Amino acid sequence: MIYDLIIAGSGSAGAAAGYYASKAGLKVLMVDAFHPPHTEGAHHGKNRLIRYAYGEGEKYVPLLLRSQQLWQQFEADAGVRLLHPCGVLNAGPRDSLFMTSLAESAERWSLNVEPLTPQGVARRWPEITLPAHFDAVFEPDAGYLSSELAVEHWIRLAREQGAAQLFNCPIKSISRDGDLQQVVTDEGTFSAARLLISMGSRINDFVASLPVIQTRKVFAWFQADGRYSENNHFPGFSIGLDDGSHYYGFPAQDNALKVGRHDGGQPGVSDNKGFPFGSYPEDGSECFAFLRQCLPGVGGCLYGESCSYDNSPDGDFIIDTLPDNPDCMVITGLSGHGFKFAPLLGEIASEFAQQGTLPDGLRPFSLSRFTR
Ligand SMILES: Cc1cc2nc3c(=O)[nH]c(=O)nc-3n(C[C@H](O)[C@H](O)[C@H](O)COP(=O)(O)OP(=O)(O)OC[C@H]3O[C@@H](n4cnc5c(N)ncnc54)[C@H](O)[C@@H]3O)c2cc1C
């Protein structure tokens, strides 16, 4: 059997790719070392923020707007609620790069945003305290996604649409035999016309010389009461401090508010299970200064989890075919902000499997940017 597409790594982007490719009628094989959703990669911890006014750069906005449509369609198809538009409050020192890019992207794409002063923020959410020299922008359409649930339903629908799934089966090697892409596992060797490698930073084990650094990151849940809940209109948030550190978080659920620090972490450390929350002294404390300054009413740390970022040198995604193998597409370097794009990445991979090319709009995410 020769598949149209083999998906090496069926976590976030790979699970979505399996869903779109099987929906398009392709013969698909989805492979994963574990059974997604699971806690060994980058999609666990229940939820992920989705924002459209994007401090990471205006080039992402068209991709975000398409992702939003795809999330809505996928919700309808799966029959579950995944997208929670609770609103996201962005804030940081006036004129910081993140806030400037965010304002530019909102203006260029006429996004629905509401600039607020620190006093305006305090009036609306008395729980949030921002320094007087901060800018704030509230984006009411932004919110969070139920990430584990999304992966579960991509996997389910892909299976129902006829995708073959080989889970708890680590890929041992990837090779090429003439026009065929080959994936070797303990269960056998499988061949396809096209291959998607969507293994996060594990791609380094198979494709030499990709500039991706696996970085261990943690998030933790802190004690918070009903004032911090979605029911009380408490928003998601993405807030930078003066020292350049950046924090994000979610409305509290069951009196626990999830917060994480986006920068920092432990480069080169993989294996979430081997280095669980608490393995490093800063795990429990890295958000304290932020919480004291901006959310002073939030209580102690309840529990946490470790997760994995696949960081590229510039923090931008890598979505490309390999220079010496145009039938092999890679999605990596998602650098801790890729989940919200997963349906779009899946759609792109499915189109690549059908047409053999990638859309021109992906040029900012090409591998050649590192060699120019
Ligand atoms: C702490 C944290 C917070 C985040 N917050 C946000 C956020 O708020 N908003 C947002 O948009 N994004 C966020 N992200 C980023 C987002 O979750 C990731 O970019 C995204 O989940 C990565 O998708 P992926 O498909 O590359 O990786 P994964 O979902 O991890 O999938 C990769 C898959 O490859 C499999 N694999 C690895 N090696 C092998 C092998 N040898 N053989 C077979 N399979 C293999 C793994 O088992 C895994 O299932 C966050 C990430 C973390 C860790």
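Every number for a ligand or one of its atoms is a count from 1 in the order of the listing. Just so it is clear, the model here is predicted, and its values are computed rather than measured.
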Near [X], which atoms of ligand 1 are under 4.0 Å from a heavy atom of that residue?
X	value
Tyr248	1 (C), 2 (C), 3 (C)
Lys340	9 (N), 10 (C), 11 (O)
Arg202	37 (C), 38 (N)
Leu334	19 (O), 22 (C), 23 (O), 26 (O)
Pro170	42 (N)
Gly200	26 (O)

Aromatic ring centroids of [X] and [Y] under 6.0 Å?
X	Y	result
Tyr309	His337	no
Tyr247	Phe219	no
Trp109	Tyr60	no
His153	Tyr19	no

Sidechain N-carboxylate O distance under 4.0 Å for [X], [Y]:
X	Y	answer
Asp314	Arg369	yes
Arg202	Asp310	no
Arg156	Glu160	yes
Arg194	Asp4	no
Arg124	Glu114	yes
Asp141	Arg51	no
Lys273	Glu40	yes
Arg108	Glu58	yes

Nearest protein heavy atom with distance in Å, relative to [atom]:
atom	result
atom 19 (O) of ligand 1	Gly338 N, 3.1 Å
atom 51 (C) of ligand 1	Tyr309 CE1, 3.6 Å
atom 42 (N) of ligand 1	Ile171 N, 2.8 Å
atom 31 (O) of ligand 1	Gly11 CA, 3.2 Å
atom 5 (N) of ligand 1	Arg48 CD, 3.3 Å
atom 44 (N) of ligand 1	Ala33 N, 3.0 Å
atom 12 (N) of ligand 1	Phe339 N, 3.2 Å
atom 52 (C) of ligand 1	Cys307 SG, 3.0 Å

[X] N/O under 3.5 Å from ligand 1 N/O:
X	value
Ser308	no
Ser12	yes
Leu49	yes
Ala13	yes
His43	yes
Ser10	no
Asp32	yes
Gly336	yes
Met199	no
Gly41	no

**OP:** Answer yes if the side chains of Asn325 and Gln181 hold a donor-acceptor pair under 3.5 Å, and no otherwise.
**Re:** yes
Judged by non-hydrogen atoms, does [X] sit under 4.0 Å from ligand 1?
X	value
Phe206	yes
His38	yes
Glu40	no
Ser198	yes

Original post:
Going through the distances and angles, do Thr189 and Val183 end up as a side-chain contact (heavy atoms from CB on, under 4.5 Å)?
Top reply: CA-CA 6 Å; Thr189 298; Val183 160; over 6 Å; no
Subject >> Residue part near ligand 1, for Phe219, under 4.0 Å between non-hydrogen atoms >> reply: side chain
Original post:
Taking heavy atoms and a distance under 4.0 Å, where does Lys172 meet ligand 1: side chain, backbone, both or neither?
Top reply: neither
**OP:** Determine, stepwise, if the pair Tyr3 / Leu26 fulfils side-chain contact (heavy atoms from CB on, under 4.5 Å).
**Re:** CA-CA 8 Å; Tyr3 291 96; Leu26 302 187; over 6 Å; no
Original post:
Can you say whether the rings of Phe317 and Phe341 are parallel (under 30°), tilted (30 to 60°) or perpendicular (over 60°)?
Top reply: perpendicular
Original post:
So, the side chain of Asp271 versus the backbone of Gly274: is there a donor-acceptor pair under 3.5 Å, distance only?
Top reply: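 Yes.
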